[in-house]
Amino acid sequence: MTYLVEITLIAILAGMAGTGFGGFLTSLLKKPRDVAISVLLAFSAGVMLIVVFNELIPEALEFGGLLIAVLGIGLGIGFMKAADTYLPEASPTPANAEGNDKDTVSPWWRNRYLRTALLLGLGITMHNLPEGLAIGAGYMASESLGLTLALIIGLHNIPEGLAMAAPMNAAHVKSSRIVFWSALAGAPMG
């Protein structure tokens, strides 16, 4: 096996195992309550925010300067705004707009949760692409650095999988599908 294929497989494994494990952990909640969903999403957001403000933005400023960093942030915001704009909205009807019954999910709430999961999944998928580049660059510097980055990024992907999987779980998506879609969001890391 060539070195490049080996690095690619390690990156794919780190991405898919991390996000997939987050999805698996979330799927263990059989009937998630709004509080559990809120805690999972808030925890995931906290982890991601600390990475963004302590690592990603300072490194973007260091390597590309202010203009490039602002341009990159703007492109990311624009991409997610376009996705949010063009994904169909869940529209309530009088019969199912009341809210989320804890045992059954109305079609309106199910669609809202699935839309949230899709938006988070798109963001995570796009976010995993540069993480894969970081692993590859780490391997180019040294094998131990590349492997260390793969392990750290794999662990960092667990909260990302939690964030994507929590709304799917609330929409009563089957556990196997939650794990599959969460893991798939980590694939671009390869």
Applied to residues 123-148, the ring pair (Phe, Tyr, Trp, His ring centres under 6.0 Å) test, sequence neighbours excluded, yields His127-His156

Give me the atom names and distance for the closest heavy-atom approach of Ile124 to Ala185. CG2-CB, 4.0 Å

Is it true that Ile12 and Leu151 fall in one hydrophobic cluster, defined by side-chain heavy atoms closer than 4.5 Å? no

So how far is it from Tyr3 OH to Glu6 CD, rounded to the nearest 0.5 Å? 7.0 Å

Pro188 versus Thr125, closest heavy-atom pair with distance: CG-CG2, 3.3 Å

Salt bridge (charged side-chain N to carboxylate O under 4.0 Å, His left out) partners of residues 50-70, not counting sequence neighbours, each pair once: none

Report whether Met48 and Leu119 are members of the same hydrophobic cluster (ILVMFWY, side-chain heavy atoms less than 4.5 Å apart, transitive linking). no

If we only count heavy atoms from C-beta on, is the Ile135 to Leu147 side-chain gap below 4.5 Å? no

Could you state whether Phe63 and Leu67 fall into the same hydrophobic cluster, counting links through intermediate Ile, Leu, Val, Met, Phe, Trp or Tyr residues with side-chain heavy atoms under 4.5 angstrom apart? no

Could you list who else is in Leu75's hydrophobic cluster, with ILVMFWY side chains joined at under 4.5 Å, directly or through other members? Leu71

Shortest non-hydrogen contact between Ala150 and Ile10, atoms and distance: CB-CG2, 3.7 Å

From CA spacing to verdict: side chain to side chain contact (heavy atoms under 4.5 Å, CB included), Met189, Asn157: CA-CA 11 Å; Met189 208 181 290; Asn157 282 351; 2.7 Å; yes

Got a sec, which hydrophobics cluster with Val39, joining ILVMFWY side chains under 4.5 Å apart, including via others? Val35

With a 4.5 Å cut-off on side-chain heavy-atom distances among I, L, V, M, F, W and Y, is there a chain of contacts connecting Met80 to Val52? no

Go through the structure and list residues passing side-chain contact (heavy atoms from CB on, under 4.5 Å) with Ile68, not counting sequence neighbours. none

In the hydrophobic clustering (ILVMFWY, side-chain contacts below 4.5 Å, transitive), which residues join Val179, or is it alone? Phe21, Phe24, Leu25, Leu28, Leu29, Leu40, Phe43, Val47, Leu155, Ile158, Leu162

All side-chain contact (heavy atoms from CB on, under 4.5 Å) counterparts of Leu41, not counting sequence neighbours: Ile37, Leu120, Ala163, Ala166, Pro167

Met164-Phe180 co-clustered via ILVMFWY side chain contacts under 4.5 Å: yes

I need the full list of salt bridge (charged side-chain N to carboxylate O under 4.0 Å, His left out) pairs touching residues 71-88, with sequence neighbours left out, sorted by first then second residue. Asp84-Arg115

State, to 0.1 Å, how close Leu61 and Ala69 come at their nearest heavy-atom pair, and which atoms those are. CD2-CB, 3.7 Å

Non-hydrogen atoms of Thr148 and Ser144 that approach each other most closely: OG1-O, 2.7 Å

Could you give all pairs that pass the salt bridge (charged side-chain N to carboxylate O under 4.0 Å, His left out) test and reach residues 171-184, with sequence neighbours left out? none

With sequence neighbours excluded, tell me which residues meet side-chain contact (heavy atoms from CB on, under 4.5 Å) with Ser182. Ala165, Met168, Ile178

Ile73/Ile57 under side chain to side chain contact (heavy atoms under 4.5 Å, CB included): CA gap, chis, key distance, verdict: CA-CA 9 Å; Ile73 292 168; Ile57 290 175; 4.1 Å; yes

Residue pair Leu149 / Ala134: nearest heavy atoms and the distance that separates them: CD1-O, 3.4 Å

Once side-chain contact (heavy atoms from CB on, under 4.5 Å) is applied, do any residues pair with Leu49, and if so which ones, sequence neighbours excluded? Phe53

